[in-house]
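In what follows, a structure is listed as structure tokens, so that the remarks can point back to it.
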Amino acid sequence: MTQETQNRKQDAWLAERLPYLRGLKAPSDQQRLLMMLADKKDRTTADERKLAALVRAEKAQEHAQKARAAAARIVNAEKASERKARDHELYKSAGLLILSGLVDTRTGKPTRDRGELLGALFYLNEAMGRADDEKRAVWKSRGDAEIAARSAKQEITSPD
């Protein structure tokens, strides 16, 4: 690439970048010097070298800023995906309370006193920890049967 072509590309990039730089509330020293040299009419060879170096640095900074933004988008998307998966699990847990009749389907409110319900859930958690395998198998069997029955009922009533 000839020097003239490089200068044209640099000038085109500067024409796009300068309005952004001028719009900054607190440009860096490097950016201020870049703007000053870009605006200078009669640049010396030394000025051209300085300007070229500052343009390369500003382009690198612009590229790094875009890379940071892309990385932030990826991180935010991952966090959103994790939140969505967690929320889905919470909804499924709430669905279990609805299936058991402890939460009203229409209002989403507990069918029992909140303190009473929480105390019973604490007791249930402790009892489940002490339960033998046979009792747990009975609980699982009943729960799985109810879930299957509800799923089959929904499939019958759901329009295709």
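- Residues passing the salt bridge (charged side-chain N to carboxylate O under 4.0 Å, His left out) test with K84: none are found, sequence neighbours excluded.
- Contacts of D42 classified as salt bridge (charged side-chain N to carboxylate O under 4.0 Å, His left out), with partners at least two apart in sequence or in another chain: none.
- In this structure, the side chain to side chain donor-acceptor pair (under 3.5 Å) partners of K40, at least two apart in sequence or on a different chain, are D47.
- Following chains of ILVMFWY side-chain contacts shorter than 4.5 Å, one cannot reach L97 starting from L118, and the two form parts of different hydrophobic clusters.
- From M35, atom CE reaches atom CG of L14 across 11.0 Å, with rounding to the nearest 0.5 Å.
- Atom CZ of residue R73 and atom CZ of residue R68 lie 12.5 Å apart, to the nearest 0.5 angstrom.
- A donor-acceptor pair under 3.5 Å links the side-chain atoms of N76 to the main chain of A72, judged by distance alone.
- At most 12 non-hydrogen atoms from other residues, nucleotides or ligands lie less than 6.0 angstrom from NZ of K135.
- Residue pairs meeting the side-chain hydrogen bond (donor to acceptor under 3.5 Å, both in side chains) criterion with at least one member in residues 97-124, sequence neighbours excluded, are D104-T107.
- For K140, the salt bridge (charged side-chain N to carboxylate O under 4.0 Å, His left out) partners two or more places apart in sequence, or in a different chain, are D144.
- E146 pairs by the side chain to side chain donor-acceptor pair (under 3.5 Å) definition with R150, not counting sequence neighbours.
- E89 pairs by the side chain to side chain donor-acceptor pair (under 3.5 Å) definition with K92, not counting sequence neighbours.
- Taking CH2 of W139 as the reference point, atom CD of E134 lies at 12.0 Å (rounded to 0.5 Å).
- Of all heavy-atom pairs spanning L51 and A38, the tightest one is CD1-N, 4.1 Å.
- Residues satisfying the side-chain contact (heavy atoms from CB on, under 4.5 Å) test with L24, not counting sequence neighbours, are Y20, L21, P27, Q31.
- Panel note: side chain R136, backbone M128; a donor-acceptor pair is recorded below 3.5 Å.
- From S93, atom OG reaches atom CD1 of I98 across 11.0 Å, with rounding to the nearest 0.5 Å.
- Remark: K79 engages no residue in a side chain to side chain donor-acceptor pair (under 3.5 Å) (not counting sequence neighbours).
- Screening residues 13-33 for salt bridge (Lys or Arg N to Asp or Glu O under 4.0 Å), with sequence neighbours left out, gives R17-E58, R17-E62, R22-D39, D29-R32.
- Every residue two or more places apart in sequence or in another chain was checked for a salt bridge (charged side-chain N to carboxylate O under 4.0 Å, His left out) with R49, and none qualifies.
- Cluster note: I147 groups with L96, L99 through ILVMFWY side-chain heavy atoms spaced under 4.5 Å, whether in direct contact or through intervening members.
- Between the CZ atom in R8 and the OG1 atom in T2 there is a gap of 6.5 Å [rounded to 0.5 Å].
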